[in-house]
Amino acid sequence: MTPTGPGAMAAAFFELGWNKPRSQFDTYLEEYRSGERHVLVVDVEGAFAGYVTLVWTSRYEPFAAAGIPEVSDLNVLPGFRRHGLGNALLDAAEALAGTRSDVVGLGVGLLADYGPAQRIYVRRGYVPDGRGIMYDEQPVGYAEHIPIDDDATLKFTLALR
């Protein structure tokens with residue numbers, strides 16, 4: 001990720017009507033510079049196509065306590081999907097995670113919008129961590145009402161070795 005990257009990334013998502021403001025990518029760049037997050041970006045013929053980040057210390061307490069890095073915020077722009085870019089980004093993020101851990105984790109949303117991600121993670125061997133639905137990284141209790149939005153997730157892990 002380069003200093004000019006946040007603007008191009010935000011503009012690409014703005015064109016799609018997705019809520020990914022430049023401030024999000026500016027934060028990612030700062031966290032990359034501080035060593036908290038690794039940002040992997042893919043371009044196709046000079047055009048921004050997607051990215052994934054790897055957070056070294058997860059906000060999700062079970063991952064943080066176990067030293068499990070977390071794949072976070074995988075996005076491939078719709079025009080570049082179904083060409084292996086998501087898998088290539090995950091390959092790179094998992095290899096990077098493997099330099100510090102035998103396990104990598106991630107969270108996936110519950111909405112149908114996340115269906116392709118849900119399927120790719122299962123095909124790659126990710127399994128649920130067994131703690132159920134999380135909302136903003138906190139467990140959801142039985143009969144508890146939560147919004148079903150991007151903060152409602154299931155957490156998965158993958159053994160790297």
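These numbers come from a predicted model, not from an experiment.
Looking at every heavy atom in both residues, Leu54 comes nearest to Val71 through CD1-N, 3.8 Å. Nearest approach of Phe63 to Gly105, heavy atoms of both residues: CE1-CA, 3.5 Å. Taking all atoms of both residues into account, the shortest heavy-atom contact from Pro128 to Phe156 is N-CD2, 3.4 Å. Residues Pro78 and Leu16 approach most closely at CD-CD1, 3.6 Å, considering heavy atoms.
Counting only distance, with no hydrogens or angles, the side chain of Glu144 and the backbone of Gly141 share a donor-acceptor pair below 3.5 Å. Without hydrogens or angle criteria, Ser101 side chain to Gly98 main chain gives no donor-acceptor distance under 3.5 Å. In terms of modelled atom types and a separation under 3.5 Å, the side chain of Gln118 and the main chain of Gly109 share a donor-acceptor contact.
Linking ILVMFWY residues whenever their side-chain heavy atoms come closer than 4.5 Å, directly or via other members, places Val52 and Tyr32 in the same cluster. Under the 4.5 Å side-chain contact rule for hydrophobic residues, Ile120 and Leu85 share a cluster. Under the 4.5 Å side-chain heavy-atom criterion for grouping Ile, Leu, Val, Met, Phe, Trp and Tyr, Tyr51 is connected to Trp18 within one hydrophobic cluster. Under the 4.5 Å side-chain heavy-atom criterion for Ile, Leu, Val, Met, Phe, Trp and Tyr, Val127 and Leu160 are members of distinct hydrophobic clusters. Hydrophobic cluster membership is shared by Val41 and Val76, with clusters built from Ile, Leu, Val, Met, Phe, Trp and Tyr side chains linked at under 4.5 angstrom.
Using a cutoff of 4.0 Å between basic side-chain nitrogens and carboxylate oxygens, Arg124 and Glu94 are scored as salt-bridged. Comment: Lys155 does not engage Asp129 in a salt bridge, judged by the lack of any side-chain N to carboxylate O separation of less than 4.0 angstrom.
Note that CG of Asp136 is 11.5 Å distant from CG of Asp150, once rounded to the nearest 0.5 Å. One distance of note links CZ of Arg131 with CD of Glu61; it measures 9.5 Å at 0.5 Å rounding. The CD1 atom of Ile68 lies 11.0 Å from the CG atom of Leu106; values are rounded to the nearest 0.5 Å.
No side-chain heavy atom of Phe13 sits under 4.5 Å from any side-chain heavy atom of Pro21. You'll find the side chain of Tyr135 stays beyond 4.5 Å of the side chain of Thr153, heavy atoms only. Side-chain contact between Ile146 and Ile133 is present, with at least one heavy-atom pair separated by less than 4.5 Å.
In this structure, the ring of Tyr121 has its center less than 6.0 angstrom from the ring center of Tyr126.
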(message) Would Glu70 and Ser72 count as a side-chain hydrogen bond (donor to acceptor under 3.5 Å, both in side chains) here? Give the steps.
(response) CA-CA 6 Å; Glu70 184 173 357; Ser72 177; 5.6 Å; no
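With respect to Arg37, the side chain to side chain donor-acceptor pair (under 3.5 Å) criterion is satisfied by exactly one of Thr57, Thr53, Asp73: Thr53.
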